[in-house]
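Working notes, structure below.
These values consider heavy atoms only, across backbone and side chains, with no hydrogens, waters or symmetry-generated copies. As the structure is a computational prediction, the values presented were derived from the model and not from experiment.
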Amino acid sequence: MSTFDSTKTRLQTLLNSIVTGEIQLPDFQRGWVWDDEHIRSLLVSIARAFPVGAIMLLEAGGDAKFKARPVEGVDPTQATIDKLKKLLLDGQQRLTSLTQVLICTQPVQTRDSKKKLVQRYYYIDIETALLGPEHYESAIISIDADRIQKENFGRDVKLDLSTPEKEYEHFYFPCNQILNAGAWEVGLNQYDFTHKSNKLNRYMDFRTQVLDAFRYYELPIIELNRNNTKEAVCLVFEKVNTGGDH
């Protein structure tokens, strides 16, 4: 008898299940550790519809009982233990990163190239992205929590995205609006009408070319059923732990 099933699930469905608490982490999982470079690389891969690896889940409710906790960045008052349906065994770093970037409204707490703790928001330069997929690496950026990018040792403002109006002006799309862009699109339409900028037409091309890649992206899922013993689950975790994203 098979102890697992394999399928594909849309990224947005997975992230929604994480936010509601249907998917949580077993307490033996280490903390989230991905840095800014890893996060941006992951976003580029999804925008280009590249594979980013399988996710492994364990169906809750069997004899293999583990304490659980919500994915980092998720509201623990919403993702309560009574909502738990599945435990995330492999894919924590990827799904935590995507939850924080695409769903959460607060800045992502990560590390820079020097391993220094930083708070970042992620944006896509719309015009650069429209040049084609080979330009996505330079189009997807991160910016400090105040959403202002400075140069000349912090004396000069290079890019100010601190308000939606400035996002429209500079034509940078906030990644935490990718899966639910309705309000941002309404604001851009109003900006277009006021400033006669005709940016909405360019944005619609961007939505089709880039945003839809995220919205329709599917991840392969391996799901261990609840009949697995605790020993078997721990052995599987140990094996994926040697080389996987756990």
Side-chain angles (χ1 to χ4, degrees), residues 10-12 15-16 18-20 36-37 39-44 46-48 71-75 78 96-110 112 117-133 135-152 154-217:
R10 191 164 287 180
L11 172 62
Q12 185 165 4
L15 299 186
N16 288 339
I18 286 172
V19 171
T20 61
D36 176 67
E37 184 179 351
I39 294 170
R40 284 187 289 108
S41 178
L42 176 64
L43 295 173
V44 170
I46 292 176
R48 300 195 67 170
V71 165
E72 289 177 54
V74 172
D75 184 353
Q78 298 297 318
T96 302
S97 298
L98 292 168
T99 300
Q100 295 206 15
V101 173
L102 303 181
I103 301 286
C104 298
T105 56
Q106 65 267 31
V108 179
Q109 311 232 4
T110 182
D112 63 15
L117 284 170
V118 291
Q119 293 185 323
R120 293 282 169 82
Y121 283 104
Y122 291 80
Y123 278 87
I124 306 175
D125 178 343
I126 294 175
E127 289 294 359
T128 300
L130 284 171
L131 294 174
H135 295 276
Y136 289 174
E137 273 197 51
S138 53
I140 296 177
I141 69 161
S142 66
I143 194 166
D144 288 339
D146 61 2
R147 306 187 200 225
I148 296 175
Q149 192 177 78
K150 296 181 180 180
E151 57 186 2
N152 192 19
R155 288 191 286 267
D156 301 324
V157 174
K158 181 181 180 182
L159 180 65
D160 186 349
L161 303 173
S162 57
T163 67
E165 183 86 1
K166 291 183 182 299
E167 293 171 354
Y168 306 140
E169 177 188 349
H170 297 293
F171 217 25
Y172 274 72
F173 186 85
C175 288
N176 60 15
Q177 302 292 310
I178 285 176
L179 301 179
N180 187 16
W184 199 88
E185 291 172 359
V186 169
L188 178 63
N189 188 39
Q190 292 171 342
Y191 180 91
D192 249 11
F193 180 78
T194 303
H195 296 273
K196 312 252 185 292
S197 63
N198 198 33
K199 289 184 175 181
L200 189 61
N201 288 336
R202 293 289 287 162
Y203 169 79
M204 297 306 291
D205 291 338
F206 168 77
R207 186 172 75 171
T208 301
Q209 178 181 314
V210 181
L211 300 190
D212 282 355
F214 285 87
R215 294 169 180 173
Y216 297 108
Y217 191 87

Taking the six-membered ring of Y168 as reference, does the NZ or CZ atom of K166 fall below 6.0 Å from its centre and within a 45° cone about the axis?
no
[X] versus [Y]: any side-chain heavy-atom pair under 4.5 Å?
| X | Y | value |
| --- | --- | --- |
| I143 | I148 | no |
| I18 | V74 | yes |
| D192 | Y203 | no |
| I124 | F206 | yes |

Which residues share a side chain to side chain contact (heavy atoms under 4.5 Å, CB included) with K158, sequence neighbours left out:
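Applying side chain to side chain contact (heavy atoms under 4.5 Å, CB included) to K158 gives Q149, E151.
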Regarding E167 and Y123, do their side chains bring together a donor and an acceptor under 3.5 Å, going by distance alone?
yes
Got more than 12 heavy atoms from elsewhere within 6.0 Å of [atom1], [X]?
| X | atom1 | result |
| --- | --- | --- |
| E137 | CD | no |
| K199 | NZ | yes |
| E37 | CD | no |

For D144, is there an ion pair with R120 - N to carboxylate O distance below 4.0 angstrom?
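Judged by the 4.0 Å cut-off on N to carboxylate O distance, R120 and D144 do form a salt bridge.
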Testing Y122, F214, W184, Y121 one by one against F173 for a ring pair (Phe, Tyr, Trp, His ring centres under 6.0 Å), which residue passes?
W184
Salt bridge (charged side-chain N to carboxylate O under 4.0 Å, His left out) with R215: which residues, sequence neighbours excluded?
D212
